[in-house]
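Please see the structure below; I have some questions.
FYI, side chains are in, hydrogens and waters are out, and symmetry mates aren't considered; it's all heavy atoms of this structure.
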Amino acid sequence: MTHPIVAGRAPIAVALEAGNTYYFCTCGRSHRQPLCDSSHRDSDFSPKAFAVEDSKTYYLCMCKRSSNLPFCDGTHARLDDEA
Ligand code: FES
């Protein structure tokens, strides 16, 4: 499996609402980051469905390498220039 594209090297703040299902882009190709726009077609990636318990602002991963997707875990700060 290839690595996802780095869509950004900092998390993105997104206001999410409890009760909704969101589809996080795991491939990095979406033009609606951080959410899926189906640009993953013809790749090995698929979106990650998730929901939140509280309606508030969350910091979602844009480097697509967090160990806690869709949420940022600080991995972007450790990416080398080749990622
Ligand atoms: S566009 Fe990236 S997972 Fe769908």
Closest non-hydrogen atom pair, Pro11 against Tyr59: CB-CB, 4.1 Å

Closest contact, heavy atoms only, Leu35 versus Phe50: CD2-CE2, 4.4 Å

Heavy-atom closest contact (Leu79 atom, Cys63 atom, distance): CD1-CB, 3.6 Å

Side chain to side chain contact (heavy atoms under 4.5 Å, CB included) involving Ile12 - partner list, sequence neighbours excluded: Val14, Pro34, Leu60, Met62

Shortest non-hydrogen separation from Glu53 to Ala18 and the atoms involved: O-CB, 3.5 Å

Value rounded to 0.5 Å, distance of OG1 in Thr26 from CD1 in Ile5: 11.0 Å

With Tyr22 via side-chain hydrogen bond (donor to acceptor under 3.5 Å, both in side chains) - residues at least two apart: Asn20

All ring pair (Phe, Tyr, Trp, His ring centres under 6.0 Å) counterparts of Tyr58, not counting sequence neighbours: Phe71

Side chain to side chain contact (heavy atoms under 4.5 Å, CB included) partners of Ser46, counting only residues at least two apart: none

Sequence-distant partners of Ser30, side chain to side chain contact (heavy atoms under 4.5 Å, CB included), two or more places apart: Cys25, Arg32, Gln33, Asp37

Side-chain donor/acceptor of Asp73 to backbone N/O of Ser67, under 3.5 Å: yes

Minimal non-hydrogen separation, His76 against Ala10, with atom names: CD2-CA, 4.1 Å

Partners passing side chain to side chain contact (heavy atoms under 4.5 Å, CB included) against Asp42 (at least two apart in sequence or in another chain): none

Gap between atom NZ of Lys48 and atom SG of Cys36 - 0.5 Å precision: 13.5 Å

Approximate separation, where rounding is to 0.5 Å, of Arg65 CZ and His3 NE2: 6.5 Å

Distance-minimising heavy-atom pair for Leu69 and Lys64: CD1-O, 4.1 Å

